[in-house]
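Structure first, then comments.
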Amino acid sequence: MTSISVSLALNRLSAPALTTTENGAVAFESTSSKCLNLFFKMIRNTSKEHIEQLFYDAWLEDPKMAMQVLLQCRDCRKGKGERLIVQHA
């Protein structure tokens, strides 16, 4: 293998996964933080299984922060006010 092909292979490994939004804009598929992923992906119409997996991953990364995100999502005044989503987690 040449140094150029090795360099290209390494660039592909470190390149973040991209996706598109509902409006067609380019966005990152994920962040480097499981707790931040949990915060942004705890929205309506997310499957129960997906929420459980997000919470499990966030819990493994930082249990205290995962619980803070969960409680903030439930808070009806200063949070998202999502009762059903929190019940799924």
Next item on the list: Report the distance from atom CG of Leu70 to atom CG of Leu38, rounding to the nearest 0.5 Å.
Entry: 7.0 Å
Next item on the list: Return the minimal non-hydrogen interatomic distance between Cys35 and Ala66, and the atom names on each side.
Entry: SG-N, 4.0 Å
Margin query: Going by the rule side chain to side chain donor-acceptor pair (under 3.5 Å), which residues pair with Gln68 if we only count those two or more places apart in sequence or in a different chain?
Written below: none
Margin query: List the residues meeting side chain to side chain donor-acceptor pair (under 3.5 Å) with Asp62, not counting sequence neighbours, and say none if there are none.
Written below: none
Item checked: Contact summary for His50 and Lys41, nearest pair of heavy atoms -> NE2-CD, 4.2 Å
Item checked: Minimum-distance pair of heavy atoms, taken over all atoms of Val69 and Met42 -> CG1-SD, 4.5 Å
Margin query: To the closest 0.5 Å, what do you measure between CZ (Phe40) and CG (Leu54)?
Written below: 13.0 Å
Check: With a 4.5 Å heavy-atom cut-off, do Tyr56 and Lys34 have their side chains touching?
Finding: no
Margin query: How long is the straight-line distance from CE of Met65 back to OG of Ser33, given to the nearest 0.5 Å?
Written below: 7.5 Å
Next item on the list: Supply the atom-to-atom distance Phe39 CZ to Gln72 CD, rounded to the nearest 0.5 angstrom.
Entry: 5.0 Å
